[in-house]
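Just below is one structure, and these are the notes that go with it.
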2 protein chains.
Amino acid sequence: MPLPEVSQFIPHIAYDSVVFGFSKGKLKILLMEYHDTGWFALPGGFVERSENLEDAVKRGLNERTGLKEIYLEQFHTFGDTSRYRPEVMRRILEANGHLIPENYWMLDRFFSIAYYALIDYEKVTLMPDALSDSIAWYEIDKLPDLILDHGKIVQKALQTLRENLDRKLIGGNLLPERFTMNELQAVYEAILGQKLRRTSFQRKMLSLDILDRHEKLFTGKSHKAPYLYSFKTH
Amino acid sequence: MPLPEVSQFIPHIAYDSVVFGFSKGKLKILLMEYHDTGWFALPGGFVERSENLEDAVKRGLNERTGLKEIYLEQFHTFGDTSRYRPEVMRRILEANGHLIPENYWMLDRFFSIAYYALIDYEKVTLMPDALSDSIAWYEIDKLPDLILDHGKIVQKALQTLRENLDRKLIGGNLLPERFTMNELQAVYEAILGQKLRRTSFQRKMLSLDILDRHEKLFTGKSHKAPYLYSFKTH
DNA sequence: CCAAAAGTGTTTCCTCTACACCCATGA
DNA sequence: TCATGGGTGTAGAGGAAACACTTTTGG
């Protein structure tokens, strides 16, 4: 695959996405590992000349996860000069066997507009891009070192997610359509990083009047079967 | 003054600032009026090649208000293609008597990183820039029409300000060092757009343990003199 | 019947609200 | 002494937290 031409994209502008998923009781995010470098990074990309910013982010996420409808939230734009480390991108491109032209646009200084996404872990089909060995899930508290300021971006994403937890009905976007109260509580606990009281949590969620109660889920275990819930649509 | 050269600035990237001040019981923001167009816009600018984003915003605000220390908060980046209206900037430049070169960089598509600032109205000395007739205060609910999406930017700034009102101790940045409880309440009411109860407000503020109480303020009016307060520095 | 987990009732505590009252000030 | 606005005391309403209790399930 040839190097992207600057004529296709807007120079100096990139996005990075922190994609949250929930599985086996753990909060996870997606990371790319670049060929032959051992370097990890957030999935990101560039904006085409006539493309809306948010459409660019959705396009990139669709290419890597196969998802069409994605819950997205912009949370910060990173524009410090300390992000300007042309040797990092140079090494990534060279490790892919590219010959880099003089003054190549991808080695310029970039401003990164950061988004977080919330997705249903089960619905994702991961597809690495041309520069990457892999794209995979990593537990939020067991991340490898990331390039540039991507570690800081993850921390800011997590902080914003916590602040928005009550205001924006985040929980549902990380679960399948129908879920038990226990599963929802596990999501909240994973995001906040602390245990919550079972009875208080249940009452609080029910009092918000945002859940529909459905049939019970029989698991074969010898105890009362929990109800399934879904978020109200309107 | 000659047209700025692209070599000095990063193309495609701009910032806009919503500068809040409080005076005579009203919440106000700063607007520029451009020469010979009747057009109003937020104070904004470009980022120099080796300049941190936030330093660029502070530089721009310092040039227009004379203030050195400014409370700044980034709240959103606007990147829709609908913002790309080169004829707007062309008219502004031409109204200033400039001859515009072919493919001039200021007529390109721009992404705008928006900040809001909170400042002490009394400390400001307003200075218009080269393109503007004036820079002046406008009451937040009596704004003229603004160019491009600047109206949307103001709305988003106000919304973010309201959401952050409790979390970030905003009130103090809009007042002088020392103020009465009544003045602080007036700031809150102006931001929220609604009346608050006097006694509840006082108790709430005091219970937060963020205020120091100082001497009384004697105004010569025939009633009990209110205490002056300041925000704790710690 | 038992163990385990889900769901609900109840008591307690704390906070916010509403309203009243007292205080300080200058005319 | 009065009018005005500032500050605080207090009783009641509302909601969160803690704990106990009941319910449901399969072994």
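Below, read A as the first sequence line, B as the second, and so on, with proteins coming before strands; counting in each chain starts at 1.
Counted by atom type alone, A/S132 and A/H35 present zero donor-acceptor pairs between their side chains at under 3.5 Å. Side chains of B/Q155 and B/Q159: a donor-acceptor N/O pair is absent below 3.5 angstrom, by distance only.
In this structure, B/L206 places its CG atom 13 Å from P of C/dC16, rounding to the nearest Å. Here D/dT24 presents its P atom at 6 Å from NZ of A/K224, a figure rounded to the nearest Å. Between the CE atom of A/M205 and the P atom of C/dA6 there is a distance of 16 Å, rounded to whole Å. Across the protein-nucleic acid pair, A/K204 atom NZ and D/dA18 atom C1' stand 16 Å apart, rounded to whole Å. The CZ atom of B/F201 sits 16 Å away from the P atom of C/dA18 (whole-angstrom rounding). Counting to the nearest Å, the C1' atom of C/dA6 and the CG atom of A/L211 are 15 Å from each other. Residue B/E183 contributes atom CD, which lies 10 Å from atom P of D/dG6 at whole-angstrom precision. When rounded to the nearest whole Å, the span between OH of B/Y227 and P of D/dG7 equals 7 Å.
Of the charged side-chain nitrogens involved, none lies within less than 4.0 Å of a carboxylate oxygen, so that B/K26 and B/D141 do not count as a salt-bridged pair. Electrostatic pairing of A/K28 and A/E139 does not count as a salt bridge here, judged by no charged N lying under 4.0 Å from a carboxylate O.
Among the atoms of the strands shown, base atoms are found under 4.0 Å from some heavy atom of A/T199. B/T180 comes within 4.0 angstrom of no nucleic acid atom, judged by non-hydrogen atoms across all strands. Counting non-hydrogen atoms under 4.0 angstrom, A/R197 reaches the backbone sugars and phosphates but no base.
If you find the closest nucleotide of DNA chain D to A/S207 and to B/Y229, the one lying nearer the 5' end belongs to B/Y229.
Ranking D/dT8, C/dA6, C/dT17 by closeness to the B/S200 side chain, first place goes to C/dT17.
Below 30°, between 30° and 60°, or above 60°: for A/F40 and A/Y138 the angle between ring planes is above 60°, a perpendicular geometry.
The phosphate of C/dA6 has OP1 or OP2 within less than 4.0 Å of a side-chain N or O from A/N182.
Between the base of C/dG9 and the side chain of A/R203 there is a donor-acceptor pair shorter than 3.5 Å. You won't find any donor-acceptor pair under 3.5 Å spanning the side chain of B/R198 and the base of D/dG5, going by distance alone.
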